[in-house]
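The next block holds one structure in the form of structure tokens; read it before the comments.
Convention: sequence-line order gives letters A, B, ...; per-chain numbering from 1.
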There are 2 protein chains.
Amino acid sequence: MTSDQTPAQRLPTLEDVAQVAGVSRATVSRVINNIRNVDPQLHKVVWDAVTATGYVPNRAARSLVTGRTGAIALVVSEAENRAADDPFLGRFFSDPFFGRVVGGVLSVLRPSGVHLALVLAGDEDACAKVVSDVRQGQVDGVVVLSLHPHDPLPQLLADAGVPAVLYGRPAAPMPISYVDVATYQGAKLAADHLVARGCQHVATISGSVDMPAGVDRLNGFREAMAKQGVAYVPSYDGGFTQEGAERAMERLLTEHPEVDGVFVASDVMAQGAMMVLRDHGKSVPDDVAVIGFDDSSAALSSRPPLTTVRQPVEDMAAEMARLLLTRIDSRANRTTSVIFDPDLVQRASA
Amino acid sequence: MTSDQTPAQRLPTLEDVAQVAGVSRATVSRVINNIRNVDPQLHKVVWDAVTATGYVPNRAARSLVTGRTGAIALVVSEAENRAADDPFLGRFFSDPFFGRVVGGVLSVLRPSGVHLALVLAGDEDACAKVVSDVRQGQVDGVVVLSLHPHDPLPQLLADAGVPAVLYGRPAAPMPISYVDVATYQGAKLAADHLVARGCQHVATISGSVDMPAGVDRLNGFREAMAKQGVAYVPSYDGGFTQEGAERAMERLLTEHPEVDGVFVASDVMAQGAMMVLRDHGKSVPDDVAVIGFDDSSAALSSRPPLTTVRQPVEDMAAEMARLLLTRIDSRANRTTSVIFDPDLVQRASA
DNA sequence: GCACAAAGGGAGAGCGCTCTCCGCTCCCGA
DNA sequence: TCGGGAGCGGAGAGCGCTCTCCCTTTGTGC
């Protein structure tokens, strides 16, 4: 065989690099990991040897001795739903939101060389497995997208004292880190905008009221309207689904046909609401102004494009990753929360 | 210390289990891995010890000696785009398609205990890194979503002889495994349906013609229409984006106002096309019948709901994972392709 | 009764890396 | 000139696991 044919046989190890550089394994290791001072000359010699051999550290070996894996998991927890015939992961994975989170997390992870493993926790057992996984050192920590208010995972993680960061405030108070958006502030942006537009009969379509996001968006909006002197705002539960919002909008039109402004607690729901408005011959924004929440891709693809409260998903996800890495690095068990400011993105619907 | 106080200190190892079971490490390992015959009685004793100690194999240690990581990567390759100010991963991650693939892949991986790592290959360097990653044993193989026709990654993978499976036929022929949908057949379903509906003036909005999916959907549709005796089908390039499709539809209406049936090469594009049709006062499906392609979530959320050629994304993704696992297991370097049959999902738009 | 085979279990050598020790060298102050 | 300390490199012990030997036990046929 020519020299080109066998290099794939055995990958270069620290030992090989050491031999080429004429130093010991330990020194090469020190150079690679930038630990302690190594004579600058030797330093260069070693790096040259690394380049020459094409050496890349073996993750498994390193992990074995350090007890760190260099990987974190993105856990999508949807415990407690799942009809038996539900296609594996249901609607969530086909929600653009998921991808945006992944993108944000990866943007932080990539430079630091940490791997991102994707994990689905579909039921309580799976949640327990997630906890044991991280305790057993399969991953160093977890970033969690928890989809249901009664999801047991956050509590399990908090109890286990495992490095974890949630997207969104947990439904019940518990010692666990999270990132969130200032929902009240966002709802206020929407309220102020509708009032400034001159809307006289404002209503809202809320998300599920058993979820923090649902409650906060509703209460925040009501509070802001109250500040504007509007004592009562009719609200209808859209359950965070397009169909739910369509039904809610139908009811709203029936019971309050005079409505001229609606704050809808998510863009997807707003899309449904606008379809119903159109079906009823109402024009948006002239007859009824509509404001969504999230600034998801649905906001742009809807007709008319949606004025919405922007939730900086990518930034928030990136912050989750940063918080987690810090927590893992420090080994200290401190919980932190970071709250992001929302913006009002003004498009055509209001 | 009591026996209860330190268990978290050190995780149980094979050695511990062996001690509890009163056998050697080797035997426990044999039981765990189901390798060779172990006396059924001992077998049980060992399992009891595993349960009692709460033992979970250490991935790193195992990986170190076997040379397998028990992880595969899902690579999203978007080499050669990326404006400098492009938010990390651009639009793709917010496309529901991504999540559906993840779901399909995970459904296969989970039972087999293989981890899924997410990797982004944004440029040629990143592609090279992917190849070296798998050669260096960071992961055992890769599943690839390649977004651009001139993406170098598939060729790199093929050259390196690395275990890999693509979603969709590569733009240029090369020895690499892939799964795909029978596009011609799908286009034929659409053509036959439009003709059966009685459409007299059929046109099509195609995807990018430099992508296999774009070309095949266009040619397949033309061929099928030809079989139906329609020699010429006007076509407009929508570039697989909603905006592109909107422009294409505008042109189509200008140049062929008599059109009464359109095959649009993706649901997202179809959504845009329908909006333009509505803006022009055309009703769907009465004035113009519209058929999409993919059966993505856009098909359901559009008004009216879209009749579309269903691409079984989850199934295809699952098959990718299966092919990859088989390939990794066998260590044989055989390439395979699996082609899925599309269905016509009939909704309201045609 | 013996030779032989087959089968099950144990011992031990690493896999590639980090990290603690230890020892050498060199510089500085007394 | 010499002691002491700081700085830097090397030796070597594992991390937890698999897997190859090898030994023991048991079964089988003549």
Would you say a side-chain N or O of A:Thr27 is under 4.0 Å from OP1 or OP2 of D:dG10? yes
Counting only side-chain N and O atoms of A:Asn33, is one of them less than 4.0 Å from OP1 or OP2 of C:dT18? yes
What is the distance, rounded to the nearest whole Å, between atom CD of A:Gln41 and atom C1' of C:dT25? 16 Å
Nearest-0.5 Å distance, CD of residue B:Gln155 to NE2 of residue B:His150: 13.5 Å
Phosphate contact (C:dG9 OP1 or OP2) by B:Ser24 side-chain N/O below 4.0 Å: no
Protein-nucleotide distance (A:Gln19, atom CD; D:dG9, atom P), rounded to Å: 19 Å
Assign each of B:Ala26 and B:Ala60 the nucleotide of DNA chain D bearing its closest heavy atom; nearer the 5' end lies the nucleotide of B:Ala60
Which residue, B:Arg30 or B:Val65, contacts DNA chain C at a nucleotide closer to its 5' end, judged by nearest heavy atom? B:Arg30
Could you check how far CD of A:Glu15 sits from P of C:dT18, rounded to whole Å? 13 Å
Using a 3.5 Å distance criterion without hydrogens, assess whether the side chain of A:Ser29 forms a donor-acceptor pair with backbone atoms of A:Arg25. no
Side chains of B:Pro57 and B:Asn33: closer than 4.5 Å at any heavy-atom pair? no
Would you kindly give the CD1-to-C1' distance between A:Ile32 and C:dT18, to the nearest whole Å? 12 Å
Return the nearest nucleotide to the side chain of B:Val23; candidates are D:dT18, D:dG10, C:dG10. C:dG10
Rounded to the Å, how far apart are B:Asn58 CG and D:dG14 C1'? 14 Å
Whole-Å distance, A:Leu14 CG to C:dT18 P, equals 6 Å
Starting at CZ of A:Arg25 and ending at P of C:dG16, how long is that distance when rounded to a whole Å? 11 Å
For atom CG of A:Leu64 and atom P of D:dG16, their distance in whole Å: 7 Å
Would you say B:Ser63's side chain and B:Arg68's backbone share a donor-acceptor pair under 3.5 angstrom? yes
Between C:dG16 and A:Thr13, is there an OP1 or OP2 to side-chain N/O distance shorter than 4.0 Å? no
Among side-chain atoms of A:Thr53 and A:Asp16, is any donor-acceptor pair under 3.5 angstrom? no
Which nucleotide in the list D:dT18, D:dA13, C:dG8 gets nearest to the side chain of B:Asp39? C:dG8
Would you classify B:Ile35 as touching base, sugar-phosphate or nothing, given that sugar-phosphate means primed atoms plus P, OP1 and OP2, and contacts are heavy atoms under 4.0 Å? nothing
